[in-house]
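One structure below.
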Amino acid sequence: MRKQSGRVRFAVGSGLVLSAALAGAAEDDAADAGQGEAVASVTVTATRRSASLQSVPLAVSVVDGERLERSNRTSIDTVVQEVPSATFRQQGGNKDSTLFVRGIGTISTSPGVEPTVSTVVDGVVYARPGQATIDLLDIDRIEVLRGPQGTLFGKNASSGVLNIVSRAASEQPGGFVDASYYQGKEKRVRAGVTGALKPGVLRGAVSAVLSDYDGNVTNVQGGGRVNGYERRGVRGRLDFTPNADLDIALIADYLKSDSSPTQTAYRQSSAAFAQALLPVVAGVENRQVNADLVNAIADVNKGISAQVEWRRDGYTVTSITALRDWSNTQRTTTSPIGNSADVARVTSAYPATRDIGTLNFRQVSQELRVASPRGQAVEYVAGAFYLHGRDRETYRRIVTTGGTTSATDSGRADYGIDSDSYALFGEGTFNLTPAWRLIAGARWTRDELAYDHVRSSTRTVAFPGVQPGTQSAGDTSETGYSGRLGVQHDLAANATAYATWSRGYKGPAYNVFFNMLPRDALALAPETSNAFEAGIKGNAFERRLTVNVALFHTGYANYQANFYDTVAGAVVTRLVNAGDVSTRGAEIDVSARPTHRVTVSAALAYTDARIDRFNCPPAAAASCNLNGRTLPFAPHFKSFVRAAYALPLANGWNADVSADYSYQTRTQYDLFQSPDAIQPAYGIVNAAIELSSPADGWKVALVGKNLADKSYATNLVSATGYVTRVVPRDDRRYFGITARKEF
């Protein structure tokens, strides 16, 4: 039986605070029933220039950075809980993580393939998705652009863009310190200062974060906790305005993370595996492992960028120069029953493996663009872009087989990718009348990609998890085009409608990985997409209600995906042009403020992402009868609802009570439709009570996560004889407290 005393005390205390607050405001509520305030206007940069969210002719979700911090959503995998059109795949370390938008994303650990959803931080494109999945620091807002965005954001945006905008330095001096503590010994401390170094000319800001979490999975060997993290980061910014026509922003960041992501046994179908797993028992809520060597992953992300904006006669010229480095070291086991140090539990059917991999990635990028004056017959953004990336990786696999002929063998691979991407782009809005606009844009992209790979092995023949030694190298180049055409019509002063066609392009790829074989030396063809979207955006009741609706259909050709293949008796994953897939559906976002104390927001997405035609390679290990089947990580329905109530107290403090609910229908996590990789439908309830004193700069909040105590998995991975699950942070109910002091 679980202990409940702490939770009861929290619930009783929270109830007393809430009851007193509501009692004190009962009369005021009646008076406020007809007095609302407008829903706050949101500014986005989805069109590469600042504009109102309600005016841009495309589907965008915006999440406030301060609200994310208050809700303990400080990484991308937790942010997507608030965005129904997006999902996130976790498996192993950050380089194995993938973001999906409208059911489309690329699942591959190869450095030779780019993501389908682009990540852009302060205007800098991140070439590898793992660069942005560790922690979020000093975030102003996150914009999720849905559908192909290749015209303005690049070739690796064929399904969408995650646009992260950090806070700018302030002219007024100030600072903050905040701390949070959650059950499970999760701690987070942040501090920052900002202000003018030379009034009107130079402003600066610096912030830092320290956070750690023991984890929510118990390793029965020693009783320690895993599936946790430890993070240390700092971010600095200088904003320089030498005159009224010139702004220069210099940004530098450094973040180090050590984590122990661990999958637990979810289901097993083998008596030998069950025996080896003891005393751990596989189950849908299992939070235990029996491993003598646990996963240990270290990441360092760092970079610098310079953004220059020069204005003249209404034109704005923007230059963004950036250098980023990412290093990743992973020590992982692919077996939930341990490693070679415990040979007694190792069998020939379930050999123990230990993978040790290092990654060093550097990218240099330059973007130059010009934006025309506003209010003209033709408004446009045009520019050029260049990115060079260099990846070097070393991967070693140690395999121990048990039984009477116990043996340990290993293999090592050294490989890498060099890539260069050049692009010219432009998009214009033609203002035909005050109410009618046409949109047209195009992007030309040139990709050059080269790889090298060499693997050595202690055997001349394949053994479980390791292929014999081999060596290969290759290069390829492609030219691709993206574009957008559309029409927008203002139905009224408070409503607009639009319809667009977009073409997405994702460049060529190489399947470069540890077990790469000569047949993988052929380059994959670029992935292209054609998307149709129609939407209506409007507001009513003096902007106390805003509603955005979008309908979409996108078809993808030469879809780049991983499938399971058999080589010399071993099952490996192989990246191929899998064929044609499509996604279609509807999305609705609603924000309402019926009174100045009550704010409600809701979002719902229906997504039907399917395989239209699958190209089955010879000797596939899994069934290729996939036509018409659902794509992985694409629930048909996903929703998010949040309500907040603000209450001024008699002592000058304010009380804010909020709750949110996220829900998604059953989700298939396996491209090959394994019945063991289906997550049933689930909903998560969170709530918070915040007390604040604006005059004193204090904020204190009590936070409750997963109040219904619903266990779920963010990924289910099928293996021979068993299934493992990825355990999220909020796999069970927990509570915490946060405090913030501003000065």
Side-chain angles (χ1 to χ4, degrees), residues 6 10 63-82 88 90 94 121 132-142 164 166-167 174-194 205-217 225-236 253-261 297-302 656 658 660 684 686-692 697-707 727-743:
F10 180 93
V63 185
D64 178 70
E66 183 177 348
R67 193 176 84 197
L68 290 174
E69 294 166 356
R70 203 163 50 235
S71 303
N72 198 31
R73 294 187 175 113
T74 57
S75 56
I76 300 301
D77 59 308
T78 55
V79 169
V80 298
Q81 294 177 358
E82 297 198 14
F88 191 81
Q90 286 181 303
N94 297 312
V121 181
T133 58
I134 299 176
D135 205 315
L136 301 173
L137 177 62
D138 217 18
I139 301 301
D140 178 68
R141 68 183 185 276
I142 296 177
I164 301 174
S166 68
R167 297 186 182 98
F176 72 92
V177 176
D178 67 32
S180 59
Y181 181 85
Y182 297 90
Q183 285 180 305
K185 297 182 180 180
E186 183 177 20
K187 304 176 289 294
R188 181 177 172 91
V189 178
R190 297 186 312 126
V193 293
T194 186
V206 62
S207 57
V209 61
L210 304 173
S211 60
D212 62 77
Y213 171 48
D214 288 352
N216 55 2
V217 173
R225 292 293 184 119
V226 292
N227 208 38
Y229 62 81
E230 182 178 298
R231 299 166 186 161
R232 306 287 185 266
V234 63
R235 184 179 183 88
D253 64 272
Y254 175 91
L255 182 63
K256 185 179 188 303
S257 171
D258 295 289
S259 60
S260 56
I297 299 177
D299 274 278
V300 174
N301 259 297
K302 56 187 176 182
D656 292 274
S658 64
D660 63 67
I684 302 297
N686 307 302
I689 302 174
E690 181 181 89
L691 300 176
S692 62
W698 275 103
K699 293 181 180 179
V700 180
L702 300 176
V703 180
K705 306 289 288 186
N706 192 3
L707 296 180
V727 183
R729 168 63 180 102
D730 60 349
D731 186 54
R732 67 186 308 174
R733 177 170 50 227
Y734 71 95
F735 298 97
I737 184 170
T738 69
R740 179 182 176 96
K741 170 62 176 176
E742 298 177 348
F743 52 87

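Every residue meeting the side chain to side chain contact (heavy atoms under 4.5 Å, CB included) condition with Asn216, not counting sequence neighbours, appears here in chain and number order: Tyr213, Asn227, Val727, Asp731. Partners of Glu66 under the side chain to side chain contact (heavy atoms under 4.5 Å, CB included) rule, at least two apart in sequence or in another chain, are Asp64, Arg70, Arg167, Lys699. Legend: residues meeting side chain to side chain donor-acceptor pair (under 3.5 Å) with Arg141, ordered by chain and number and at least two apart, are Glu143. Residues meeting the side chain to side chain donor-acceptor pair (under 3.5 Å) test with Arg225, sequence neighbours left out: Thr218. Residues meeting the side chain to side chain donor-acceptor pair (under 3.5 Å) test with Asn686, sequence neighbours left out: Asp660. With sequence neighbours excluded, the residues satisfying side chain to side chain contact (heavy atoms under 4.5 Å, CB included) with Asp656 are Ala646, Asn654, Glu690, Ser692.
Summarising the geometry of Gln183 relative to Tyr734, their closest heavy-atom pair is OE1-CA, 3.3 Å, with the distance given to 0.1 Å. Taking both residues in full, the closest heavy atoms of Leu255 and Gly233 are given as CD1-CA, 3.5 Å, listed atom of the first, atom of the second, then distance. Considering all non-hydrogen atoms of both residues, Phe743 and Phe176 come closest at CE2-N, 3.5 Å. The minimum heavy-atom distance linking Asn706 with Arg733 is given by the pair O-CB, 3.2 Å. Of all heavy-atom pairs between Ala191 and Val177, the closest is CB-CG2, 4.1 Å. Between Val79 and Arg73 the shortest heavy-atom distance is CG2-O, 4.4 Å.
Under a 4.0 Å N-O distance rule, the pair Asp730/Arg732 does not qualify as a salt bridge. Ion pair Glu186/Arg729 flagged as a salt bridge, since at least one NZ, NE, NH1 or NH2 atom sits closer than 4.0 Å to an Asp/Glu carboxylate oxygen.
Using a 4.5 Å heavy-atom threshold, the side chains of Thr78 and Phe88 count as separate. Side-chain contact check for Lys256 versus Lys302: every heavy-atom pair is 4.5 Å or farther apart. Between Tyr229 and Asp258, the closest side-chain pair of non-hydrogen atoms is not below 4.5 Å. A heavy-atom distance below 4.5 Å is not found between the side chains of Val189 and Val209. Residues Ile297 and Ser259 form a side-chain contact, since some pair of their non-hydrogen atoms from C-beta on lies under 4.5 Å apart. Val206 is listed as a side-chain neighbour of Val234, based on a closest heavy-atom distance under 4.5 Å. Contact annotation: the side chain of Arg235 approaches that of Ser166 to within less than 4.5 Å [non-hydrogen atoms, C-beta and beyond].
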Item to check | side-chain contact (heavy atoms from CB on, under 4.5 Å) between Tyr182 and Ile737, intermediate numbers included | outcome: CA-CA 6 Å; Tyr182 297 90; Ile737 184 170; over 6 Å; no
Next on the checklist: One pair to check against side-chain contact (heavy atoms from CB on, under 4.5 Å): Lys705 and Val703. What are the steps and the verdict?
Outcome noted: CA-CA 7 Å; Lys705 306 289 288 186; Val703 180; 3.8 Å; yes
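Shown are Arg740, Lys187, Arg188, Lys741; of these, the salt bridge (charged side-chain N to carboxylate O under 4.0 Å, His left out) with Asp178 is made only by Arg740.
In this structure, the separation between OG on Ser207 and CD1 on Ile139 is 9.0 Å, given to the nearest 0.5 Å. With values rounded to the nearest 0.5 angstrom, Arg190 atom CZ is found 10.0 Å from Thr738 atom OG1. For the atom pair CG (Asp138) and OG1 (Thr194), the distance works out to 8.5 Å, reported to the nearest 0.5 Å.
Put simply, the side chain of Ser260 gets close to the backbone of Gly228: a donor and an acceptor are under 3.5 Å apart.
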